[in-house]
Amino acid sequence: MADTPTPKTITKTIQSPRGTHDILPEQTPAWRHVENTFREICTRYNFGEIRTPAFEATELFARTAGDSSDIVVTKQMYSFIAPDEQSYTLRPEGTAGTVRAFIQNHLNERGPVSKLFYIGPNFRYEAPQAGRYRQHHQCGVELLGPDAPESDAEVLALAFDLFRALGLEASVKLNSLGTPQSRLGYIDALRAYLEPLRDSLSEDSRKRLQINPLRVWDSKDARDQEIVAGAPRLLDYLQQNDTDSMAHFDALRGYLDDLHIPYEIDAALVRGLDYYSRTAFEFVTPNLNSSIGGGGRYNGLVEELGGPPTPAIGFGIGIERVLLALGENVPSPPPLTAFLVMLGDTARQSSPKILSLFRRVGVHCDCDFVGRSLKAQMREANRQKARFALILGDNELAENKIAVKNMESGEQELLHMDDALIKLAAINADETVARYFAGEAH
RNA sequence: GCGGGUGUAGCUCACUCGGUUAGAGCGCCUGAUUGUGGUUCAGGAGGUAGUGGGUUCGAAUCCCAUCACUCGCCCCA
C-alpha cells in the first residue's frame, strides 16, 4: 500500500426508518406475483384500479377512524404540518382515500355501482413486530352502491379466488353488526349485563365498557372472555330486533355455502364505528397467528364524509402477511437465458451491439462489465444459471459467428450470428410461454 | 405504550473463569501454462465485535445508555 491512508470521516450509516423494509430484487418477484394475481382477479370481477394519494388531509382520517379507534386514540398516525400550515397524514388504511375520491370525482353519477380496487402502502406508527410494520402494503377492493347480500358475496368470492390462485389456505371469520340503530339497542343490553360485573373485568375492558362496550368482546384476557361468554349475543339480539340485518346475514351465509367458502361465525368480531353496518369479516390462515386481512360493510361512511348516502362494502389484505403465509411457495427471479463471454478487446468492444441484437429478439441476456477473464466469465454464466454461454472471440468475429454453449449438457456449436439469434429467440419464447402457463408471466 | 430476548466478516454462527495479531463454514476474488463453468486443490480480500460511555493493568466477554432487530401484551393488514 503506497497510498497514505486518508483519514476516514466517521459517519453513521443511515438506516431505513424503524418498521420499514427494503424489498430487494430477489423478493420482488414474489411481490409482483401477489400484486399481479390480485390485479388480474379484480379485472375479471370488473373492478377498476384506483390510485389515490399517499397522504390526505388529516381531517379525513380523523373522521373515518372515529374517536374510539386505536389508530386515532394511540396516535398511530404519521401526521405532519406542511409549509401551507395544513395538517396532512400518511394514509393508515385504504378505504378513507378511496371513498374521498369516490365523492370528489362524483363516481356515483356514473351509475349505481362503483367497483374499485387499490394496491399501495399504508403507514402506522406502531411497535414493529412479526407481520406488523410501520409501512405495510395492502391490496383491497371497495364495492360502492349496492346493499344486497349478493354484493357481500361478490367481494368475498373475489378474495377467495385470490387465495385460491395464490395457493393460500384461508377461511373467513364472519359476524354481523346490525345497523347503527339496532346496534345501539344491543350495546345497551350488553352494558346492562357487564356493568354489574365491572369490577371483575380487566383494566382495559373497564375502559372499553366506558367508551365502546362492543370492544370488550375483543379482549384476550381469560377472565374477560369468561364473562363475555355469558353476555347477550349480538346475533341473538338481531334475530329478535333487526330482522332485516338477520335476513341479510342469512342470505350471505347461503351464498358462502354455494361458493364453498369456508367460514366461521365469530361473535368477538366487532367494529365500533357508527358507519359500520351488518357484515364484518376477517381472513385467517392456519399458518399465521394474525389475520391476513379484513373488512366489512360501511353503509354510513360515504355520507359521513359528505357524499350521497351510499352503501358500500370492502376489504383490505396485507401483502406482507400474505407473503409470510405463502412462505417459500412463491416465484423466484427467472434465470438468465444467455451470458455473453468475450475474449479480447475487439469482442468486448462489439458486446454492446451483440447484446442489443439478442435483446431485440427478446432474449434475456447479460455480459461481464468489469474485464474479467474468460474463466471468470464462464463462472459468472454458471452462477447466473444461464442456459447458454455465447462465446465471442477473434475467431468467431472474423466469420460473423458465435459459439453457443449449452451450459447444462456442455455441448457447444459454432453458429452464424443470424442462426444464433433465431435459436436463442425461439428458446426464450418457449420459456416465456412455459412461465405464462405456470402463472408467472406478468 | 409496556415486558422478555438478540446484535461478532456479505450470510449463518463460534470464541471455555475478562488475557497476545477475534475464528469457522458458505459466499466473493485470483490461480492450477496458451480461448471454456459446475467438482477438487492452493492462495487472497473482507471485521476499530451495532453505537456511545463506564469498570479494569487488560473488555467481543462485566455495567449503563442508545439504536436496530426479534418475541409477547395491546391492536391491527
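Chain naming here is simple, since letters A, B, ... match the order of the sequence lines and numbering starts at 1 in each. Everything quoted here is computed from the prediction, not taken from an experiment.
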Enquirer: Taking the same atom, P, in B:rC57 and in B:rG52, what whole-Å distance lies between them?
Expert: 23 Å
Enquirer: Within a 6.0 Å radius of atom CD on A:E49, are there more than 12 heavy atoms belonging to other residues, nucleotides or ligands?
Expert: yes
Enquirer: Reckon A:F283 touches a base, only the sugar-phosphate, or nothing at all at heavy-atom distances under 4.0 Å?
Expert: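 Nothing, no heavy atom under 4.0 Å.
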Enquirer: Quote, to the nearest angstrom, the C1' distance that separates B:rU6 from B:rU61.
Expert: 15 Å
Enquirer: Measure CG/A:L336 against P/B:rG37 and give the value in whole Å, please.
Expert: 18 Å
Enquirer: Between P on B:rG31 and CE on A:M378, what's the gap in Å once rounded to a whole number?
Expert: 15 Å
Enquirer: Please state the P separation for the pair B:rC29 and B:rU55 - nearest whole angstrom.
Expert: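 My reading of the P atoms in B:rC29 and B:rU55 gives 46 Å.
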Enquirer: Which part of the nucleic acid, if any, lies within reach of A:Q135 when heavy atoms closer than 4.0 Å are counted: base, sugar-phosphate only, or nothing?
Expert: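 No contact.
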Enquirer: What nucleotide among B:rU36, B:rU30, B:rA68 has an atom nearest to a side-chain atom of A:I391?
Expert: B:rU36
Enquirer: Could you say whether the aromatic ring of A:H136 and the base of B:rA77 stack, counting only centre distances under 5.5 Å and plane angles under 30°?
Expert: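 Here the ring of A:H136 and the base of B:rA77 are stacked, with centres under 5.5 Å and planes under 30°.
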Enquirer: With distance as the sole criterion, do the side chain of A:Q129 and the base of B:rU70 form a donor-acceptor contact below 3.5 Å?
Expert: no
Enquirer: I need the CG-P distance between A:D368 and B:rU36, as an integer number of Å.
Expert: 16 Å
Enquirer: Considering only the C1' atoms, how many Å lie between B:rG27 and B:rG47, rounded to the nearest integer?
Expert: 16 Å
Enquirer: Hey, which sits more toward the 5' end of RNA chain B by its nearest nucleotide, A:E380 or A:D394?
Expert: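 It is A:E380, whose closest nucleotide lies nearer the 5' terminus.
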Enquirer: Sort out the partner of B:rG43 for me: Watson-Crick or G-U wobble, both distances under 3.5 Å, none otherwise.
Expert: B:rC29
Enquirer: If you measure from the P atom in B:rU56 to the same atom in B:rC15, how many Å do you get, rounded?
Expert: 28 Å
Enquirer: Describe the nucleic acid contact of A:G344 in one word from base, sugar-phosphate, nothing, applying a heavy-atom distance below 4.0 Å.
Expert: nothing
Enquirer: Should the heavy atoms of other residues, nucleotides or ligands under 6.0 Å from CD of A:E59 be counted, would the total exceed 12?
Expert: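 No, not enclosed.
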Enquirer: Testing the basics here: between A:F102 and A:S114, what is the closest heavy-atom pair and its distance to 0.1 Å?
Expert: CE1-OG, 3.3 Å
Enquirer: Is any NZ, NE, NH1 or NH2 atom of the basic residue among A:E35 and A:R32 found under 4.0 Å from an Asp or Glu carboxylate oxygen of the other?
Expert: no
Enquirer: Using OP1 and OP2 only, check whether a side-chain N or O of A:R372 sits under 4.0 Å from B:rC29.
Expert: yes
Enquirer: What's the gap between B:rC73 and B:rG50 when it is taken at their P atoms, as a whole Å value?
Expert: 30 Å
Enquirer: With C1' as the reference atom in both, quote the distance from B:rG38 to B:rU34 in angstrom, rounded to an integer.
Expert: 23 Å
Enquirer: Suppose we define a pair by two distances each less than 3.5 Å, Watson-Crick or G-U wobble; what does B:rU61 pair with here?
Expert: none
Enquirer: Pick base, sugar-phosphate or nothing for A:Q377, based on heavy-atom distances below 4.0 Å to the nucleic acid.
Expert: nothing
Enquirer: What about A:R132: does its side chain form a donor-acceptor pair under 3.5 Å with the base of B:rA77?
Expert: no
Enquirer: With a 3.5 Å cut-off and just heavy-atom distances, do the side chain of A:E282 and the base of B:rA77 make a donor-acceptor pair?
Expert: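 No, the side chain and the base share no sub-3.5 Å donor-acceptor pair.
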Enquirer: Could you check whether the side chain of A:R321 and the base of B:rC76 have a donor-acceptor pair of N or O atoms closer than 3.5 Å, going by distance alone?
Expert: yes
Enquirer: For A:G131 and A:P17, take the nucleotide of RNA chain B holding the closest heavy atom to each; which residue's nucleotide lies nearer the 5' end?
Expert: A:P17
Enquirer: Quick one: label A:Q384 by what it contacts on the DNA or RNA (base, sugar-phosphate, nothing), any heavy atom closer than 4.0 Å.
Expert: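 Nothing, no heavy atom under 4.0 Å.
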Enquirer: For B:rC69, give its Watson-Crick or G-U wobble partner with both distances under 3.5 Å, or none.
Expert: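 Pairing partner: B:rG5.
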Enquirer: Below 3.5 Å, does any donor atom in the side chain of A:K375 face an acceptor in the base of B:rU36, or the other way round?
Expert: no
Enquirer: In the structure shown, which nucleotide is the Watson-Crick or G-U wobble counterpart of B:rA77, with both distances under 3.5 Å?
Expert: none
Enquirer: B:rG1, B:rU36, B:rG38: which one has an atom nearest the side-chain heavy atoms of A:A127?
Expert: B:rG1
Enquirer: Over how many whole Å does the gap from A:M77 atom CE to B:rC76 atom P extend?
Expert: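 Result: 15 Å.
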Enquirer: Is there a donor in the side chain of A:E304 and an acceptor in the side chain of A:Y298, or the other way round, less than 3.5 Å apart?
Expert: no
Enquirer: Using whole Å, what does the distance between atom C1' of nucleotide B:rA77 and atom CD of A:E142 come to?
Expert: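 So the two atoms are 13 Å apart, to the nearest Å.
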Enquirer: Tell me what A:A130 touches on the nucleic acid: a base, only sugar-phosphate, or nothing, going by heavy atoms under 4.0 Å.
Expert: sugar-phosphate
Enquirer: Name the nucleic acid region contacted by A:G19, choosing base, sugar-phosphate or nothing; use a 4.0 angstrom heavy-atom cut-off, strictly under.
Expert: sugar-phosphate
Enquirer: On a whole-Å scale, what distance lies between the P atoms belonging to B:rG72 and B:rC64?
Expert: 26 Å
Enquirer: Between A:S245 and A:R278, is any side-chain donor less than 3.5 angstrom from a side-chain acceptor?
Expert: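 Their side chains do contain a donor-acceptor pair, which is all the 3.5 Å distance test asks for.
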Enquirer: How many whole angstroms separate atom CG of A:N382 from atom C1' of B:rU39?
Expert: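 Interatomic distance, CG of A:N382 to C1' of B:rU39: 11 Å.
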Enquirer: Could you state the CG-P distance from A:D22 to B:rA68, rounded to the nearest angstrom?
Expert: 15 Å
Enquirer: Please determine if A:D419 and A:K401 form a salt bridge, counting it only when a charged side-chain N lies under 4.0 Å from a carboxylate O.
Expert: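 Looking at A:D419 and A:K401, the cut-off is not met.
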Enquirer: A:F388 CZ to B:rG37 C1': how many Å, rounded?
Expert: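 Between C1' of B:rG37 and CZ of A:F388: 15 Å.
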Enquirer: Establish, with yes or no, whether the OP1 or OP2 oxygen of B:rG37 is under 4.0 angstrom from a side-chain nitrogen or oxygen of A:R383.
Expert: no
Enquirer: Going by the rule side chain to side chain contact (heavy atoms under 4.5 Å, CB included), which residues pair with A:E126 if we only count those two or more places apart in sequence or in a different chain?
Expert: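 Scan of A:E126 (side chain to side chain contact (heavy atoms under 4.5 Å, CB included), adjacent residues dropped) gives A:Q76, A:R124, A:R132.
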